[in-house]
Novice: 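I'd like to ask you about the structure that follows.
Chain naming here is simple, since letters A, B, ... match the order of the sequence lines and numbering starts at 1 in each.
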Amino acid sequence: MSDRTDHKGKSIEPELPPAYEPQAVEDRIYRSWEESGLFDPDNLPGQRREPFVIMMPPPNATGTLHIGHAMFLTLEDLMVRYHRLRGKAALWLPGTDHAAIATNTKVEKLLDREGKTKYDLGRAGFIARVEDFIRKSQGTIHKQIRKMGSSCDWSREAYTLDEVRSRTVREMFRRMYDDGLIYRGTRIVNWCPRCESTLADDEVEYREERGTLYYLRYGPFIVATTRPETKLGDTAVAVHPDDGRYRDRIGQVFQVDFGIGPQDIRVIGDPAVDRAFGSGVVGLTPAHSAVDFEMAEKNLLPLKKVIGEDGRMTALAGKYAGLAVEEARRRFVEDLKSRELLQKTEELDHNVSVCYRCGTPVEPLTSRQWFVNVDQEIPGRGKSLKRLALEAVRDGSIRILPERFEKVYFHWMENLRDWCISRQIWFGHRIPVWYCQSCHVDEETEGRAGAAGRVMASREGIVVSAGEAPLKCPTCGRDEDIGDLVQDPDTLDTWFSSSTWTFSTLGWPEETEDLKRFHPTQVLETGYDILFFWIARMILMTTYATGQVPFETVYLHGLVRDEQGRKMSKSLENIIDPIDVSEKYGTDAVRLSLIIGNTPGNDLRLSEEKIAHFRNFTNKLWNVSRYILMTVGEVRRPSGRPEPQTLADRWILARLDEVKRDSTEDIESYSFSRAGERLRDFTWNELADWYLEVSKVEGGKERLLEYVLYELLKLWHPFMPFVTEEIHRRAFAEGEGDFLMVASWGDPAPVAPESDVGDFDMVRDIITAIRNLRATYRVDVGREIDVTVHADRQIGLVKRHAEVIRRLAKVAVLTVAEGGDRPSGAASSVVRGIRVHVPLGDIIDIEQERSRIMTEIRKTEDYLTALEKKLGNRAFIERAPSEVVEAERRKREAARDRLDKLQEQLTVLD
RNA sequence: GGGCGUGUAGCUCAGUUGGUUAGAGCGUUACGUUGACAUCGUAAAGGUCAGUGGUUCGACUCCACUCACGCCCACCA
């Protein structure tokens, strides 16, 4: 205590206000963190070799923060802050996503309100408009990320469409093209007529609708269909090869005429056909159905595209050409009826595929697009992209939490088809391919790898934004100046660029220091809803590009739902805005409400009441600190572990150690909720409710209180960065730049002797028993009562804590004796072999007391009977481990003892 | 059609390799303004762990089936 004199006291600070006021603290604290530069791992104190890296899943650049963002920011910040405290080079790299389709659609809607279309502005004008829109709305999300307390390194911030990331994308495209993994070809794609663009398979959703099943007289067959107009594009019918009705016709060709001239139809056999559905004959439309397309490839059937990208019938649809699909269907059905080709119709429920962005029904059609071939063997690697991505998870290089999603991942990856990466929207990474107009490009060979001279994928060049081009055609020597080189008008699927996120953010393909130091990353934390969109593709692209996995662990969180388990939506008016509630209850309270009760892969129910509860808790921690600060006077950062003086001291240190050990383990194993619950229980139920109360009696605990508070603040900091940092600043900080954020977590302490915990529990139980008796007999809180405790073995312990018991249970005179008669007119209770008597005189109701004790006796008897039965079972004695048998014996002895004492009380009651 | 998950106190959920008299918070009830905190305190009531069967000395925990709810994938023309 002598060194207290040279301590710069904290008494300069005004006393802590009685309630924590987050509004007065948070922005200031965040600013001071940011100004300190400590979010940047290069500025962290000490030698930090071991990295801990998380790449922030980039929110849409034009978006606003919703509760889902708040959740991932909280979970990621928790991990990053924890590992920073553990002395690692913690890097959390933030960024935003250009979200090609989403942003494109948003701006189109804005234009629509002005009565314009993108065509009015032209491509360059439209993109300028999009960029303008992004510039204007980009600030919001940044501010909101800060509001949540996110300790991310803004100096390394990335954007999926900035220069560095554009370079990454071009380089990727070029390498994959050279390796034959990217090709241009005519295949069936999902086409959204509203977006006027292709969609990837997983960008298609299904909606159940009631529809009509039309039965058509179809040459010699009856064919059922929900899309009669597509029958104009049929080139075959399929039947089950074992179907007796049609088996003999397989291989034949016949003609049908739906009013646009004869169509040649071949009969093929395919076991996929369901004999029981409809007529058992399927009309095949290879150009407008993925399944039919595959059958057509197998059977070399011709394609006949009758629906175009504009959602209208093509010239091949004869007199229906130019009609919108619905109109064509209506007229076609009319015509069928009048020609008596429509046998009947049926109503049925079926799934309609729709665009996940705009909900418009998707039109499957064949189109010439760019694809990533996932099955092609990679030169020099001997494996396909699919194989690489499967192996990374299968061999444990990547672990997915919760584990069950690994199965989902495998299933999806195994069934993955070629990935269509070209999009017909204007905003995004333009496909880095030029076509030479002077060379005669052959439809058949164009787009094939090695067809250089006709198609050039470019990687070189500095100017990326404007669309840097090859200088001249390597085949004919023409250059762009004379307009012979034309860039592909399409852009890339937005997931193509986001799938490079873990390494593009570090500067790839440059061999940067960051890349060497921080890749692969440790954790990728995101929602399970983008497992396929994003995670799977990151694994695919990263293993290909870098030969490393993108991350070691995938932590998948669930959805935030309302208190009734419903999704939050505008129409239900059940949206909780994270910024609003952070301002109302404090960010720390919001964070806790998103951590506690949240387990990987499971949805979380959230309500304002829950947030309010954690606001109460932050205030509790504040007041615990406030009390300690007031008691200690001049607080000083503990230099080491203080010497315990009393049982309570040993108990709180033992409990603190245990909680620290367990919660550390919880965080390491991603059980954040459990860690938080443990800390809350300790803080509230042990430290505040017991140790602080005991300290008021025993006194002289300055060093202990300081130590426990300091350790506790560190443990809480990853969960509640603001309130802990503020308390630290007012209590322990040695100067302005001294942050709890970079304190040292410290090693786990050795396990303390169990007796300290057990002995203190006994004192606690005695106090609780007295309080219990007081409550039973409605003894006024203000009234002090006399209590007699009869203890035998533990008499010393009880005597040593007489004062604590007296004060905490509001006892006037506490008599402790080894044994003796029960005082007359006393209410009694037995805890851990100790008899507690509270003489209440005439208050006591003998009958009530008797029945109360009888109930206790009955309970104990039942318990004892169960134990005796168990111990009387030979099989149990023989087969159960001896320590289990021993434990049961001890329990039996304790129960017998308790029963004896209870019965004794009953006999002396009269 | 295939796969996955959930079902524990009125509500929201813990319960880690099988051994607890099955826990917490909220809510409810009773009492309470003790100088850290009413954003608080003390205490109480409340559960045949969805059901059935099995494995085991022993099942909330493991297995099978059933029921209920939820999700994902595929997609029947």
Novice: Distances under 3.5 Å only, N/O to N/O: pair up the protein atoms with those of nucleotides 75-77 of chain B.
Specialist:
residue: B:C75; atom: OP2; partner: A:Y206; partner atom: OH; Å: 3.4
residue: B:C75; atom: N3; partner: A:N351; partner atom: ND2; Å: 2.6
residue: B:C75; atom: N4; partner: A:N351; partner atom: ND2; Å: 3.2
residue: B:A77; atom: OP1; partner: A:H350; partner atom: ND1; Å: 3.4
residue: B:A77; atom: O3'; partner: A:T225; partner atom: OG1; Å: 2.9
residue: B:A77; atom: O3'; partner: A:T226; partner atom: N; Å: 3.3
residue: B:A77; atom: N6; partner: A:D274; partner atom: O; Å: 2.6
residue: B:A77; atom: N6; partner: A:F277; partner atom: O; Å: 3.3
residue: B:A77; atom: N1; partner: A:D274; partner atom: N; Å: 3.3

Novice: What distance, rounded to whole Å, do you find between the two C1' atoms, one in B:C11 and one in B:U52?
Specialist: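 That atom pair is separated by 28 Å.
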Novice: Going by atom types only, do A:Y777 and A:Q848 share a side-chain donor-acceptor pair under 3.5 Å?
Specialist: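 No donor-acceptor contact under 3.5 Å links the two side chains.
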Novice: Can you tell me how far C1' in B:A43 sits from the matching atom in B:A59, rounded to whole Å?
Specialist: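 The same atom, C1', in both gives a distance of 34 Å.
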Novice: Taking A:N299 for the side chain and A:M295 for the main chain, is one N or O donor matched with an acceptor at less than 3.5 Å?
Specialist: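 Yes; at least one donor-acceptor contact below 3.5 Å.
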Novice: Salt bridge or not between A:R661 and A:E658? Use side-chain N to carboxylate O under 4.0 Å.
Specialist: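 No, no charged N to carboxylate O under 4.0 Å.
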Novice: Among residues 622-631 of chain A, which contact RNA chain B at a heavy-atom distance under 4.0 Å?
Specialist: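 RNA chain B contact set from residues 622-631 of chain A: A:N623, A:V624, A:R626, A:Y627.
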Novice: May I ask you to verify if any side-chain N or O of A:W684 is less than 4.0 angstrom from the OP1 or OP2 atom of B:G41?
Specialist: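 Yes, A:W684 has a side-chain N/O under 4.0 Å of OP1/OP2 on B:G41.
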Novice: May I ask you to say whether A:R417 pairs ionically with A:E294, meaning some side-chain N is under 4.0 Å from a carboxylate O?
Specialist: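 A salt bridge links A:R417 with A:E294.
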Novice: Can you tell me the distance, in whole Å, between the CG atom of A:D202 and the P atom of B:C71?
Specialist: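 Atom-to-atom, A:D202 to B:C71, this comes out as 19 Å.
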Novice: What nitrogen or oxygen pairs link the protein and nucleotides 4-14 of chain B at under 3.5 Å?
Specialist:
residue: B:U12; atom: OP1; partner: A:R605; partner atom: NH1; Å: 3.1

Novice: From CD of A:E888 over to C1' of B:G18, roughly how many Å is that when rounded to an integer?
Specialist: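 From A:E888 CD to B:G18 C1': 14 Å.
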Novice: At 4.0 Å (heavy atoms only), tell me whether A:S669 reaches a base, stays on the sugar-phosphate, or touches nothing.
Specialist: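 Result for A:S669 = nothing.
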Novice: Looking only at atom C1', what distance separates B:U17 and B:C60, rounded to whole Å?
Specialist: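 So the two C1' atoms sit 16 Å from each other.
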